[in-house]
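A note on names: the letters A, B, ... follow the listed sequences, proteins ahead of strands, and every chain is numbered from 1.
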Amino acid sequence: MQKHTISLLVDNEPGVLSRVAGLFSGRGFNIESLCVAETLDPAISRITLVTRGDDAIAEQINKQANKLINVIKVNDLTGTEYVEREMALIKVQAKADYRAEILRIVDIFRCNIVDVSPAHYTIEVTGTADKLAAILSLLRPMGVKEIARTGAIALGREKK
Amino acid sequence: MAVLKEEGVDTIFGFPGGAVIDLYDELGRTDIKHILVRHEQGAIHAADGYARAKSSVGVCLVTSGPGATNTVSGIASAYMDSIPVVVLTGQVPTALIGNDAFQEVDIVGITRPCTKHNYLVKRTDDLARVIKEAFHIARSGRPGPVLVDLPKDVVQGKAKYKPLPEPRMASYHPTYQPNLKQLHRAMALIKEAKKPVVFSGGGVILSGASKELTEFGKKLNAPVTASLMGLGSFPGSHPLWLGMLGMHGTYRANMAIGECDLLIGIGVRFDDRVTGKVAAFAPNARIIHIDIDPTSISKNIPVTIPIVGDCKVSLKALNRLLNEEKVKFTKKARKPWLDQIQKWQDTKPLRYEQKDSIKPQYVIERLYELTKGKAIITTEVGQNQMWAAQYYHFDHPNCFITSGGLGCMGFGLPAAIGAQMACPDRLVVDVAGDGSIQMNIQELATAVQYGLPVKVVILNNRYLGMVRQWQELFYKKKYMATDIEHAPDFSRLAEAYGALGLKATKPEEVDSVLKEGLKSPGPAMMDFWVAREEGVYPMVPAGAALTEMLLV
Ligand SMILES: Cc1ncc(C[n+]2csc(CCOP(=O)(O)OP(=O)(O)O)c2C)c(N)n1
Ligand SMILES: [Mg+2]
């Protein structure tokens, strides 16, 4: 089942998110992540949604989303040129003998440490889902206490 | 109210309450007719029946909380069948929303998945625009119900009304014009086909395309079948008519789908009651599918040529192409295919035997004869619905009004009331089951109050018959919770409501009861005690292939 990253432009009004989410739950489509915020036009929001399904399901998802009255545009980025990013905040245990290693990883992945306490670092990392998975696998053995992820956002690339 | 008038609303079906008392007060100052139902489910079904009989938007008005929740089944039914209705619900004042106020429910949340769209109006200034949009959305594209939730303070507020232009919405523009390239590709398949079948659905009726469909079928000299919702889109007395398709479709229609090499589905959605086992549906056919809703296409059945467009516009275009290219399909060229269909028809026609007890099919046949096929028929749900579909032959669209997609028991009587309001000069008959009729029987009072001469024909088998039939066939005749022998005497109940009540228990009484009931000037309820364990056949068991029919 292929991953699909779908970008929706929707009316920025109450209830719209619930219409989109309701469509997915009602029709049994899954949502891996979902991210919403206003665009430059305050009347319009962008929802970036990651889902999985075969071609027929992806086609239905696109058509069904388009059918919602508050959805202005549906763009399935899968198979097109696009950039995708996700941010995570990772709170990792910072035991004395691990600190240097953590700092090295932060450096290699070009992350930031955004909060420090005697026993923990909180790391901010941005990248593709693969990059996030990679850094997590390195940090996990040191003891990840908490994690918060934004879900993916994406935009199509302009022609060069 | 000004917007309602502008939208051509002349009738509202409703039931009042605290949250809409201001609206009612204002309604009393207009010349819009208000039909006071006895249960809000009656109001929404009546609006649905009105919309279908008149091909316009039906309107229903109810109060907040329980008034609103009582409409939900009816909204879901209208949604499944794509019927344009606007539902106006009262709501608690905006300041109280979210406080669990008296008679507050989040009806916009509740009906989100069963409306085409819905609104909560927060400012009086938005009121006119929203109502205008609601009508626009309900009737355009693939039609459907739209709910507008009206907080009490919003309708109490004053706003200056200036007439608004037709709404233009950035995010809503249905496709009416079919793609020409696709039409040409469809034409190529049509020319090649040796064994085509035309399959018509509710979309043909909704877009007013029955004339075009009939012309198309005749031009192709191809047999035509229809879904339950499509009955009447092609004349039921025409030699090319196959009868209904699907679970209780005719033998020849279901066999024809199994054999055809081209299936042209128009305004249909290939629902599971029509397709049977999907993998075995039209196994030898290429499929052309015309529908205004792109989500209907390739949802259940993969199609060869998808055409997104209005049925009427698309059929007109195809008919024009057939004319321009002078493509003709003679009787002779079609003979092998039509002969085959005739053979199926001759071996396994719809049949029943009228013996000692009244057969329900006989009642419908007599009803058909006595009304000369000219009545508007509404139905309840179950066996009664299927017998009406099989044995009343519809020559015209908008004459068969049934809860198809949802199969909502209790639909028929209120829908008949709505249809009678839409068509005061027509004969309107609700073909009912003894179970379903009890779900909205209170609407007899509405019919009596407004002098609406609707006729109810109860096929009284003292069973929840359709469920009993499944138990007979698939659950070893264990009739669990389907015997409803304990019931009122419907003819006396009708009298209690002030309607005419009649009863027939023997075959020879059928005609006289029908005649007396049909010619009476007011509402009449006719109770036919039919053979209890009669079944609806043919029947395709759920999940089986269409050609695997159980026959009598
Ligand atoms: C509101 C609702 N509840 C339950 C059902 C399930 N159901 C389908 S047909 C049927 C039997 C209907 O009985 P009756 O109205 O007597 O019709 P018959 O089949 O006997 O003609 C039932 C219970 C339904 N369709 N709608
Ligand atoms: Mg019954």
For a quick test of reading the model, state the closest non-hydrogen atom pair linking B:Ser171 to A:Val71 and the distance between them. CB-O, 3.3 Å
Which atoms of A:Asn62 are under 4.5 Å from chain B, going by heavy atoms: the side chain, the backbone, both sets, or neither? neither
With a 4.5 angstrom heavy-atom cut-off, which part of A:Gln60 approaches chain B: side chain, backbone, both or neither? side chain
Looking at A:Glu81, I want to see if its CD is surrounded by more than 12 non-hydrogen atoms of other residues, nucleotides or ligands under 6.0 Å. no
Which atoms of B:Pro294 come close to chain A, meaning under 4.5 Å heavy atom to heavy atom: side chain ones, backbone ones, both, or neither? both
First locate atom CD1 of A:Ile69, then atom CD of B:Glu133, and finally report the distance between them rounded to the nearest 0.5 Å. 9.5 Å
Yes or no on side-chain contact (heavy atoms from CB on, under 4.5 Å) for B:Asp293 and A:Lys63, after CA distance, side-chain angles and deciding distance? CA-CA 9 Å; B:Asp293 178 2; A:Lys63 289 198 230 175; over 6 Å; no
Taken to the nearest 0.5 Å, the spacing of B:Arg112 CZ from A:Leu68 CG works out to 10.5 Å
Return the option, out of A:Lys73, A:Gln64, A:Arg19, with the maximum number of heavy-atom pairs under 4.5 Å with chain B. A:Arg19
So for B:Asn118, is it side chain, backbone, both, or neither that comes closer than 4.5 Å to the heavy atoms of chain A? both
Residues of residues 295-306 of chain B with a heavy atom under 4.5 Å from any heavy atom of chain A, in residue-number order, are B:Thr295, B:Ile297, B:Ser298, B:Lys299
Does A:Asp41, at its CG atom, have more than 12 non-hydrogen atoms belonging to other residues, nucleotides or ligands within less than 6.0 Å? yes
Under 4.5 Å to a heavy atom of chain B? For A:Glu13 that would be neither
In Å, rounded to the nearest 0.5 Å, how long is the span from NZ of B:Lys116 to NZ of A:Lys67? 8.5 Å
Neighbourhood of chain A inside residues 82-100 of chain B, taking heavy atoms under 4.5 Å as contact: none
